[in-house]
Every structure is written in C-alpha cells, then in structure tokens.
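In what follows, a single structure is set out as structure tokens and then discussed.
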Amino acid sequence: CHSLNLVGNQEIGPDLNFPMNPTEYFSEPLLRQYIRNPQSLRRMKNDKMFAFTEQYLSDKELEDLIAFLKLMKRHKLKI
C-alpha cells in the first residue's frame with residue numbers, strides 16, 4: 001500500500017520515508033495508536049488504511065515495524 005524512499009506501490013498510501021518518516025511527525029504512542037486504529041486520530045472520508053488490531057499485527061510485530069521505521073529514517077532518500 002505504501003512506498004519507501006519512492007520504491008514500491010504508492011497508489012494507495014503515502015511514502016513512509018520521503019519527504020518525512022512517520023516517526024518524525026508522530027510521537028511513538030500516537031504512531032502506535034494510528035497504526036492500530038487510523039480513524040482514532042484523524043477522520044478521513046476515503047481513508048483506505050484499516051485498523052491493524054492484534055488479530056492482524058501482534059504487539060511484537062508492531063514494535064518491530066516501529067523499529068524498522070526508525071531505522072529507515074536514518075536511510076532517507078536524498079534528492
């Protein structure tokens with residue numbers, strides 16, 4: 001659904017590292033909340049991102065995802 005450094009399918013969601021990484025504009029608790037339930041932070045009529053409940057993404061996987069985003073922030077695309 002997303003691209004990373006402009007690589008991948010960006011037809012649905014925004015790039016997750018360019019121009020900014022979500023860890024730069026969300027605090028960790030808010031990022032966790034947003035991933036778990038996007039509509040809890042901002043209501044968007046045509047939002048296609050579904051809630052990643054524990055049924056779809058375990059707490060460990062969520063922690064790993066956030067760690068990956070933090071890592072990728074250090075490898076941001078430079079244009």
Side-chain angles (χ1 to χ4, degrees):
C1 299
H2 296 273
S3 60
L4 191 65
N5 285 335
L6 303 178
V7 175
N9 181 1
Q10 192 180 1
E11 294 179 22
I12 297 173
D15 190 272
L16 293 178
N17 210 37
F18 182 81
M20 292 182 75
N21 183 294
T23 63
E24 295 177 274
Y25 53 86
F26 278 122
S27 67
E28 228 179 284
L30 285 178
L31 179 56
R32 195 172 284 107
Q33 179 181 341
Y34 184 71
I35 293 168
R36 287 287 186 214
N37 183 5
Q39 295 288 324
S40 72
L41 293 183
R42 53 183 168 189
R43 183 85 45 199
M44 294 177 61
K45 183 178 179 182
N46 296 317
D47 192 4
K48 292 179 174 56
M49 184 167 158
F50 60 88
F52 285 90
T53 63
E54 292 84 0
Q55 177 184 358
Y56 299 106
L57 189 72
S58 72
D59 287 337
K60 170 71 169 105
E61 290 169 324
L62 179 58
E63 293 305 315
D64 290 346
L65 174 60
I66 292 171
F68 175 73
L69 289 170
K70 287 179 179 179
L71 171 73
M72 290 310 297
K73 180 173 72 171
R74 296 189 309 237
H75 300 282
K76 196 179 288 197
L77 180 66
K78 307 265 193 270
I79 292 184

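Source: prediction; values computed, not measured. Side-chain atoms are counted along with the backbone in the values below, which use heavy atoms only and exclude waters and symmetry mates. Position 1 is the first residue of the sequence, and the numbers go up from there.
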- prompt: Are L65 and Y25 connected in the hydrophobic side-chain network, where two residues link if heavy atoms are under 4.5 Å apart?
  reply: yes
query: In terms of hydrophobic clusters joined by side-chain contacts under 4.5 Å, are F18 and V7 together?
result: no
field: Set of residues satisfying ring pair (Phe, Tyr, Trp, His ring centres under 6.0 Å) with respect to F50, sequence neighbours excluded
entry: F52, Y56
So, does [X] use its side chain to make a donor-acceptor pair with the main chain of [Y] at under 3.5 Å?
X: N17; Y: L4; result: no
X: R32; Y: I66; result: no
X: H2; Y: P14; result: yes

[X] versus [Y], closest heavy-atom pair with distance:
X: L31; Y: T23; value: CD2-CG2, 3.9 Å
X: R42; Y: Y34; value: NH2-OH, 3.5 Å
X: S40; Y: Q33; value: OG-NE2, 3.0 Å

- prompt: Looking at side-chain heavy atoms only, is the closest gap between E54 and R36 below 4.5 Å?
  reply: yes
message: Quick one, L16 and P22 - any side-chain contact, counting heavy atoms below 4.5 Å?
response: yes
- line: Taken to the nearest 0.5 Å, the spacing of F26 CZ from L69 CG works out to 11.0 Å
message: Rounded at 0.5 Å granularity, tell me how far CG in L62 sits from CG in L57.
response: 5.5 Å
Please set out all donor-acceptor pairs under 3.5 angstrom arising from side-chain atoms of residues 70-79, sequence neighbours excluded.
from: K70; atom 1: NZ; to: E28; atom 2: OE1; distance (Å): 2.4
from: K76; atom 1: NZ; to: E24; atom 2: OE1; distance (Å): 2.4
from: K76; atom 1: NZ; to: E24; atom 2: OE2; distance (Å): 3.1

